[in-house]
Visitor: 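Take a look at the following structure, please.
Chain letters run A, B, ... following the sequence lines, proteins first, then strands; residues in each count from 1. In this text the structure is predicted, and so the values were computed from the model without any measurement.
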Protein chains: 2
Amino acid sequence: MAHSNSQRGVCLPMSERKRVTIKDLAAEVDVHYSTVSRVMNPATRHLVAEEVATRILKLAELRGFRPNRIAAGLRTQRSGLIGVVLPDIANPVFPPILAGIEAVLGRHGYVPIVVNAGVERARQRFVIDQLLARQVEGLVLATAERDDPLLDYCFQLGIPVVMVNRGEHTGRASCVVSDSQLAMALTVDHLVSLGHRSIGHIAGPASTSTGELRREGFMQAVKRHRLRRGAYAVVEAESYTREAGRRACAQLFEALPGLTAIAAGNDLVAMGCYDFLRERGLRCPEDVSVVGHNDMPFVDALTPPLTTIRIPVHDMGEQAAELLLRRIEKPQTATVVIELRPELVVRGSTGAPPGQG
Amino acid sequence: MAHSNSQRGVCLPMSERKRVTIKDLAAEVDVHYSTVSRVMNPATRHLVAEEVATRILKLAELRGFRPNRIAAGLRTQRSGLIGVVLPDIANPVFPPILAGIEAVLGRHGYVPIVVNAGVERARQRFVIDQLLARQVEGLVLATAERDDPLLDYCFQLGIPVVMVNRGEHTGRASCVVSDSQLAMALTVDHLVSLGHRSIGHIAGPASTSTGELRREGFMQAVKRHRLRRGAYAVVEAESYTREAGRRACAQLFEALPGLTAIAAGNDLVAMGCYDFLRERGLRCPEDVSVVGHNDMPFVDALTPPLTTIRIPVHDMGEQAAELLLRRIEKPQTATVVIELRPELVVRGSTGAPPGQG
DNA sequence: CTGAAAGCGCTTACAG
DNA sequence: CTGAAAGCGCTTACAG
């Protein structure tokens with residue numbers, strides 16, 4: 001029954017045609033299949049007579065031969081697969097990072113397996129196990145929180161790991177991040193130069209490296225400018241979301257009633273600030289200036305267009321992939337932290353403080 | 001030299017520890033490795049004595065054994081890999097689709113390989129070849145244009161394919177799309193009910209199924225409402241981008257000077273309309289109403305918040321993955337077109353036409 | 001219930 | 001320059 005339509009002589013639909021293998025080719029050219037294998041690999045091609053090689057290559061082309069990378073990988077112990085673990089692909093920061101990763105990987109003959117790991121521990125482990133069962137040669141983690149147990153799990157398993165976007169401080173893995181300290185310096189400098197003297201910061205969750213580092217950066221900048229206590233305040237958003245930003249913004253106004261400028265932990269948080277200001281009937285930037293972080297797509301189309309920090313997301317992906325590949329080649333390579341240079345993009349959400357225009 | 005740090009007795013870093021295989025386990029429990037194999041597979045586990053099975057399972061746990069899916073796949077001819085081909089991961093429509101795909105795949109023990117195929121023919125073929133070399137069992141294509149040669153290539157190769165977001169009309173592949181006709185009916189009905197009698201449509205590129213179908217849907221809706229010729233117009237945007245939308249919007253005003261409402265091909269195009277209206281000093285929605293399509297993230301934060309069509313992106317991904325999986329199981333399954341139900345989300349960019357408020 | 005064997009599609013020393 | 005063989009880590013008829 002199952003074979004009712006595969007009688008001899010009937011042309012099978014392509015989907016049922018057997019994939020062609022080196023053995024098929026070898027039989028047809030009448031050489032041993034190891035010779036075919038040598039020809040298919042550019043690095044060993046020179047080992048076989050040119051005439052034979054061209055004959056094989058031509059036939060391979062004709063038959064649409066495609067070497068089975070998976071079989072090769074089994075033999076060579078290299079799958080050519082890299083796992084990319086994201087907390088949430090729908091977060092607009094990740095797609096460009098992923099694009100950067102994929103670009104570099106492709107150039108080196110690798111291919112990414114992308115998974116959404118979410119936030120639950122159990123799911124994260126499951127996903128990593130899936131990846132490992134597929135023999136991924138390394139992992140790019142964009143999920144990591146400070147002291148992330150997932151990281152411990154990876155190290156325990158002995159798989160090469162690099163972190164992107166968020167960092168970690170134990171030095172066990174290389175990280176590619178944007179320079180948060182510089183970013184916050186740019187932000188605060190900009191605000192101060194506009195005349196602001198009462199500035200609040202809505203920090204991201206302290207469990208993330210970005211949350212912590214941006215907060216530190218803010219504090220340093222504020223001290224460098226000798227803002228006195230009472231001229232600045234920091235509150236923490238529960239998460240990097242618009243809604244958490246809105247709530248944190250409310251708290252910030254309680255902590256620092258006279259504030260004229262807000263450095264938001266990221267653009268989503270900044271959007272939450274917009275929401276809050278609108279509710280309160282406060283105008284941006286006339287009453288309160290807002291600076292975001294990330295330069296997400298389309299924040300230039302908000303009203304007002306958001307002044308924010310642009311982080312080189314695509315680059316981050318590329319660098320992370322390169323670091324990982326290097327580490328796979330040479331496992332002894334020292335871990336490094338690559339800090340990429342962010343830049344301030346001034347748009348319409350920042351201006352002089354009220355009464356100073 | 002290369003082995004200088006792997007002398008006997010020295011504890012190797014984890015990363016150099018050999019992966020444990022069924023043979024290792026078998027040797028330790030003193031059974032044949034085929035027995036271990038049977039135990040590891042839930043479907044054949046009942047074939048072995050319970051006592052033996054538990055002993056093996058326990059050891060596997062202890063040694064952190066993870067069956068090599070790739071080796072298994074080589075033997076069973078099933079890689080458990082699905083290729084997902086996107087035109088551009090950075091386009092906000094795709095991440096949720098991808099999330100939907102991945103969710104279903106994961107539930108069935110599959111894992112996605114995601115690639116950005118871009119728009120160049122050569123790159124697209126290269127990318128598909130890469131995927132095929134990895135023995136992907138099927139492909140989800142989100143790239144497809146009408147009469148896409150890439151599709152021909154896939155069929156020629158005989159690989160199961162399903163299309164998502166964009167469709168194709170030859171019936172060779174199943175498609176999962178949003179119902180464009182309904183979407184445009186909702187859009188035009190909404191506009192007409194607000195009192196608009198002069199409505200323009202900025203169509204997406206005719207080379208995409210969405211561009212063509214939405215245009216047709218617009219025409220049908222307009223005729224159903226018996227709008228006379230001269231009361232509507234259609235222009236085509238060169239691409240689904242903000243800038244192309246801005247240019248097309250300018251053309252639209254030339255084609256239909258008295259227009260009071262625009263049905264944009266998608267949200268990016270709608271943003272281009274916002275840009276154009278602002279340039280011209282026209283207010284939205286007081287002077288001109290605008291409806292988008294897709295309900296991209298954060299279009300609710302634009303000024304005015306964009307009235308648009310929400311398409312069930314996550315669902316589309318899920319359905320596409322399910323269809324593909326079904327087709328892989330039963331290649332003879334008829335191809336289907338699944339049209340998902342979009343809905344109108346009314347926000348601030350639509351209102352009564354001027355002089356009728 | 002368990003073992004022994006063949007084989008998935010490759011790569012790569014080892015001979016010749 | 002080419003062939004023959006072993007083996008990567010599994011699965012699965014086939015015996016017993």
Visitor: Under 4.0 Å, heavy atom to any atom of DNA chain D: which of residues 127-138 of chain A qualify?
Guide: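 Of all residues in residues 127-138 of chain A, none places a heavy atom under 4.0 Å from DNA chain D.
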Visitor: Quick one: does N68(A)'s side chain have a donor or acceptor within less than 3.5 Å of a partner on A71(A)'s backbone?
Guide: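 At least one qualifying donor-acceptor pair exists.
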Visitor: Quickly work out the R78(B) CZ to dG7(C) P distance and round it to whole Å.
Guide: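 Roughly 22 Å, once rounded to whole Å.
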Visitor: Measure from CG on L25(A) to P on dT11(C) and round the result to the nearest Å.
Guide: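 About 13 Å, once rounded to whole Å.
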Visitor: Rounded to the nearest angstrom, tell me the gap between atom CD in Q77(B) and atom P in dC10(D).
Guide: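 Q77(B) atom CD is separated from dC10(D) atom P by 17 Å.
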Visitor: Does S174(B) reach the side chain of V337(B), with side-chain heavy atoms less than 4.5 Å apart?
Guide: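 They are not in side-chain contact.
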Visitor: Check whether E168(B) reaches the backbone of R172(B) with its side chain - one donor and one acceptor, N or O, closer than 3.5 Å.
Guide: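 Yes.
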Visitor: Should the pair R123(A)-E102(B) be classified as a salt bridge under the 4.0 Å nitrogen-to-oxygen rule?
Guide: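 Salt bridge present between R123(A) and E102(B).
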Visitor: What's the verdict on side-chain contact (heavy atoms from CB on, under 4.5 Å) for V136(B) and I159(B), showing C-alpha distance, side-chain angles and the deciding distance?
Guide: CA-CA 9 Å; V136(B) 293; I159(B) 177 117; 4.0 Å; yes
Visitor: Taking all heavy atoms of V85(A) and all of A117(A), pick out the closest pair and write down the distance.
Guide: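 For V85(A) and A117(A), the tightest heavy-atom pair comes out as CG1-CB, 3.4 Å.
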Visitor: Kindly give the heavy-atom pair with the smallest separation between S79(A) and I70(B), and that separation in Å.
Guide: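 S79(A) and I70(B) have their closest heavy atoms at CB-CD1, 4.1 Å.
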Visitor: Quick one: does H32(B)'s side chain have a donor or acceptor within less than 3.5 Å of a partner on S34(B)'s backbone?
Guide: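 It does hold such a pair.
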Visitor: Before you tell me yes or no, could you show the steps for Q124(A) and Y153(A) under side-chain hydrogen bond (donor to acceptor under 3.5 Å, both in side chains), namely the whole-Å CA-CA distance, both residues' side-chain angles and the distance that decides it to 0.1 Å?
Guide: CA-CA 10 Å; Q124(A) 292 182 340; Y153(A) 190 52; over 6 Å; no
Visitor: Identify the heavy atoms of G167(B) and C175(B) that sit nearest to each other, and give their distance.
Guide: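 Closest pair (atom of G167(B), atom of C175(B), distance): CA-SG, 3.8 Å.
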Visitor: Can D129(B) and R66(A) be counted as an ion pair, charged N to O under 4.0 angstrom?
Guide: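 A salt bridge is present here (some side-chain N lies under 4.0 Å from a carboxylate O).
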Visitor: Counting distance only, does the side-chain N/O of T35(B) pair as donor-acceptor with the main-chain N or O of V31(B) below 3.5 Å?
Guide: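 No; zero donor-acceptor contacts below 3.5 Å.
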Visitor: Mind calculating the distance between CG (D24(B)) and P (dG9(D)) to the nearest angstrom?
Guide: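 For the pair D24(B) CG and dG9(D) P, the rounded distance is 8 Å.
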Visitor: Which residues in residues 32-39 of chain A have a heavy atom closer than 4.0 Å to any atom of DNA chain C?
Guide: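 Contacts with DNA chain C under 4.0 Å: Y33(A), S34(A), S37(A), R38(A).
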Visitor: For R69(A), give me all partners under side-chain contact (heavy atoms from CB on, under 4.5 Å), at least two apart in sequence or on another chain.
Guide: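 R69(A) satisfies side-chain contact (heavy atoms from CB on, under 4.5 Å) with A133(B), R134(B) once adjacent residues are dropped.
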Visitor: Near R121(A) CZ, under 6.0 Å, is it more than 12 heavy atoms from other residues, nucleotides or ligands?
Guide: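 Result for CZ/R121(A): open.
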Visitor: Work out which heavy atom in F65(A) is nearest to a heavy atom in V20(A); give both atom names and the distance.
Guide: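 It is CD1-O, 3.2 Å.
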Visitor: Scan residues 66-75 of chain B against DNA chain C and write down, sorted by residue number, each residue with any heavy atom closer than 4.0 Å; if none is found, say none.
Guide: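 Of all residues in residues 66-75 of chain B, the ones placing a heavy atom under 4.0 Å from DNA chain C are L74(B), R75(B).
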Visitor: Dot-bracket, DNA chain C: Watson-Crick or G-U, under 3.5 angstrom, [ ] crossing, | other strand?
Guide: |||.||||||||.|||
Visitor: Let's go through R38(A) and Y33(A) carefully: what are the C-alpha distance in whole Å and the side-chain angles of both, what is the deciding distance for side-chain hydrogen bond (donor to acceptor under 3.5 Å, both in side chains) to 0.1 Å, and is it a yes or a no?
Guide: CA-CA 9 Å; R38(A) 287 188 191 99; Y33(A) 64 86; over 6 Å; no
Visitor: Just the rounded figure in Å: distance from P of dA6(C) to NZ of K23(A).
Guide: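 So the two atoms are 13 Å apart, to the nearest Å.
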Visitor: Expected output is a numbered-order residue list: members of residues 41-53 of chain B with a heavy atom under 4.0 Å from any atom of DNA chain D. What is it?
Guide: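 Listed by number, there are none.
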Visitor: Could you state the CD1-C1' distance from I22(A) to dT2(D), rounded to the nearest angstrom?
Guide: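 Rounded to the whole Å, the gap is 14 Å.
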